[in-house]
Amino acid sequence: MAIGARDFIDKLLVEKYAQEKVDNHEADSLVSKVSADDMMTAMNHSSDSYRTMLALNSRLTMVCYGIVSKSAKYVKTEALA
């Protein structure tokens, strides 16, 4: 597998941006824009919501099993001798 431009447009783009230089090593680029406490709070809320959803899903599954088992019609069969 070769790396590089495969068609005419890609070749033009490579030529155009080959000499461009990017310098983003400023002091501000290394500082997080989001507070760690805010991030942990958001993650905590997300995990609490997911935990609640799992608990509700489990409870709903048990309720559905109960409804199905109560509505089942059991037929008594003769015991084999």
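Since this is a predicted model, take the numbers as computed values, not measurements.
- Within 6.0 Å of CE in M53 there are more than 12 heavy atoms belonging to other residues, nucleotides or ligands.
- The cluster map of Ile, Leu, Val, Met, Phe, Trp and Tyr, joined by side-chain heavy atoms under 4.5 Å apart, puts M43 and V34 in the same cluster.
- Distance CZ/R59 to CG/L54: 15.5 Å, rounded to 0.5 Å.
- Residues T41 and N44 are not in side-chain contact: their nearest non-hydrogen atoms beyond the backbone lie 4.5 Å or more apart.
- D48 contributes atom CG, which lies 6.5 Å from atom OG1 of T52 (distance to the nearest 0.5 angstrom).
- For the atom pair NZ of K16 and CG of L13, the computed distance is 7.5 Å after rounding to the nearest 0.5 Å.
- The neighbour count for I9 CD1, taken as heavy atoms of other residues, nucleotides or ligands under 6.0 Å away, does not exceed 12.
- The CG atom of L12 lies 11.5 Å from the OH atom of Y17; values are rounded to the nearest 0.5 Å.
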